[in-house]
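Since the structure comes first, as structure tokens, the remarks are kept for the end.
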Amino acid sequence: MTDEPTETVPASASTMASRIAFAFERQLDMPLAPGLYLVATPIGHLSDISLRALATLAQADVVYCEDTRHSRTLVAHYAIRATLRPYHEHNAEEQRPRVLHDLSQGRKVALISDAGTPLVSDPGFKLVREAAAAGHSVVAVPGASATLAALTVSGLPTDAFFFAGFLPSKEGARKSRIKELSAVPGTLVFFEAPTRTAATLADLAAVLGDRDGVVARELTKLHEDVRRAPLTQLARVFEEAPPKGEIVILVAPPGETDVSDATIESQLAAAMETLSMRDAVRVVSDNLKVPKAHVYDLALALKKAQRSADE
């Protein structure tokens with residue numbers, strides 16, 4: 001009779017598992033002080049949660065979340081018996097006094113969002129402000145963030161960035177907001193609905209020029225996809241094949257464009273044939289992404305030269 005082969009766990013994996021279990025037990029053994037805990041949760045992959053976050057949720061007297069049905073999947077996955085209560089944009093005004101009352105009674109309260117880090121494009125800012133003003137402890141339990149995950153895989157500059165959340169849904173307001181952000185000296189990061197992704201990319205290209213862009217979709221999930229290309233190309237891609245899932249759009253910072261005075265003067269001369277000098281300066285400045293003051297000086301010189309030629 002031959003022995004059946006048996007599967008063994010390598011010593012290194014066994015040791016790692018033991019140390020992880022020990023570290024988690026230590027977290028559970030450390031008493032959780034009363035206060036408000038802002039707990040980051042996975043943006044897709046359920047394993048992307050820290051031991052400290054799990055221990056905090058396990059010890060909290062109550063966990064406030066955007067959608068109790070959604071959050072129940074997470075706590076059930078880790079066998080956490082948490083009391084879940086809803087806290088979202090539609091009930092925040094009525095729920096906030098309840099949370100503050102819980103804190104005043106010395107309870108341990110956790111706040112989570114459906115995915116990622118609470119308060120980042122999610123409700124909770126007013127709660128944190130009022131809790132801190134009332135003297136309650138407010139503690140961050142950091143973790144996953146779609147903003148930072150997209151930024152780090154984008155290949156765009158990370159030394160300076162601006163998170164702008166969701167752009168307005170209507171085209172006019174959206175373009176106005178993009179124009180306000182056009183001079184930000186860093187990578188721009190937006191959240192967007194899949195149904196508006198192509199239109200937003202087209203508007204970004206129209207206002208900002210054909211900067212490099214990135215569309216990160218379904219980060220950390222099974223069908224994660226990251227597309228890198230100029231904005232106009234991305235707009236065409238997603239117009240032809242509308243995306244599904246959670247979308248993050250990133251746009252490169254404004255480049256240092258070396259535009260010659262001759263180029264500026266040429267465009268000014270053409271613009272001033274149909275526009276006032278003031279409007280021509282604005283149009284050319286926006287078009288070439290050069291300072292208005294310099295364009296205005298060249299316009300004055302151009303107008304003076306034209307007057308001299310006419311005399």
Side-chain angles (χ1 to χ4, degrees), residues 32-44 46 48-50 52-148 163-170 173-174 177 189-196 218-219 221 245-248:
L32 194 66
L36 176 62
Y37 293 83
L38 311 176
V39 184
T41 57
I43 58 176
L46 284 176
D48 292 337
I49 190 167
S50 71
R52 183 180 171 214
L54 291 173
T56 300
L57 295 177
Q59 296 180 77
D61 296 313
V62 59
V63 177
Y64 285 89
C65 51
E66 287 186 85
D67 188 331
T68 55
R69 295 166 299 179
H70 182 93
S71 296
R72 193 166 284 117
T73 300
L74 174 66
V75 297
H77 181 78
Y78 288 104
I80 295 172
R81 296 179 179 178
T83 298
L84 302 179
R85 291 179 187 161
Y87 189 94
H88 47 73
E89 60 179 338
H90 302 297
N91 75 349
E93 293 299 321
E94 63 184 53
Q95 283 288 73
R96 196 176 308 119
R98 185 177 187 180
V99 182
L100 294 170
H101 176 74
D102 287 339
L103 293 170
S104 70
Q105 297 301 302
R107 294 193 176 99
K108 296 159 285 187
V109 178
L111 176 69
I112 62 177
S113 62
D114 280 349
T117 302
L119 277 71
V120 180
S121 201
D122 288 312
F125 157 66
K126 291 181 180 178
L127 173 61
V128 168
R129 182 175 60 185
E130 293 185 25
H136 302 302
S137 173
V138 179
V139 180
V141 183
S145 165
T147 303
L148 295 179
F163 173 65
F166 285 91
L167 288 167
S169 59
K170 294 184 178 180
R174 185 165 59 234
R177 178 58 176 152
V189 186
F190 306 95
F191 287 164
E192 191 50 279
T195 54
R196 292 198 299 265
E218 294 289 86
L219 288 170
K221 299 179 184 178
E246 305 293 330
I247 306 292
V248 183

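All heavy atoms count here, side chains included; hydrogens, waters and symmetry mates do not.
- The two residues Ile112 and Pro118 have their closest heavy-atom pair at CA-CG, 4.0 Å.
- Between Leu111 and Leu119, the closest heavy-atom pair is CD2-CD1, 3.9 Å.
- Take Ser137 and apply the side chain to side chain contact (heavy atoms under 4.5 Å, CB included) test, not counting sequence neighbours, and it matches Val139.
- The ring-ring contact (aromatic ring centres under 6.0 Å, His included) search around Phe191 returns Phe163, Phe166, not counting sequence neighbours.
- Under a cut-off of 6.0 angstrom, the local environment of CD in Glu192 is crowded, with over 12 non-hydrogen atoms contributed by other residues, nucleotides or ligands.
- For the pair Val75/Val63, no side-chain contact is recorded, criterion being any heavy-atom separation below 4.5 Å from C-beta on.
- Minimum interatomic distance between Ser113 and Asp122 (heavy atoms only, all atoms of both residues): CB-OD2, 3.4 Å.
- Contacts classified as ring-ring contact (aromatic ring centres under 6.0 Å, His included) and involving residues 85-106 (residues at least two apart or in different chains) are given here: His88-His90.
- The ring-ring contact (aromatic ring centres under 6.0 Å, His included) check on His136 picks up nothing, with sequence neighbours excluded.
- Judged by distance alone, with hydrogens and angles left aside, the side-chain atoms of Arg174 form a donor-acceptor pair with the main-chain N or O of Ser169 at under 3.5 Å.
- For Glu218, the salt bridge (Lys or Arg N to Asp or Glu O under 4.0 Å) criterion is met by Lys221, not counting sequence neighbours.
- The closest donor-acceptor contact from the side chain of Asp102 to the backbone of Val109 lies at 3.5 Å or more, if one exists at all.
- In terms of modelled atom types and a separation under 3.5 Å, the side chain of Glu66 and the main chain of Asp114 share a donor-acceptor contact.
- Closest non-hydrogen pair, Ala115 versus Thr41, comes out as CA-OG1, 3.7 Å.
- Every residue meeting the side chain to side chain contact (heavy atoms under 4.5 Å, CB included) condition with Ser145, not counting sequence neighbours, appears here in chain and number order: Thr117, Thr147, Leu148.
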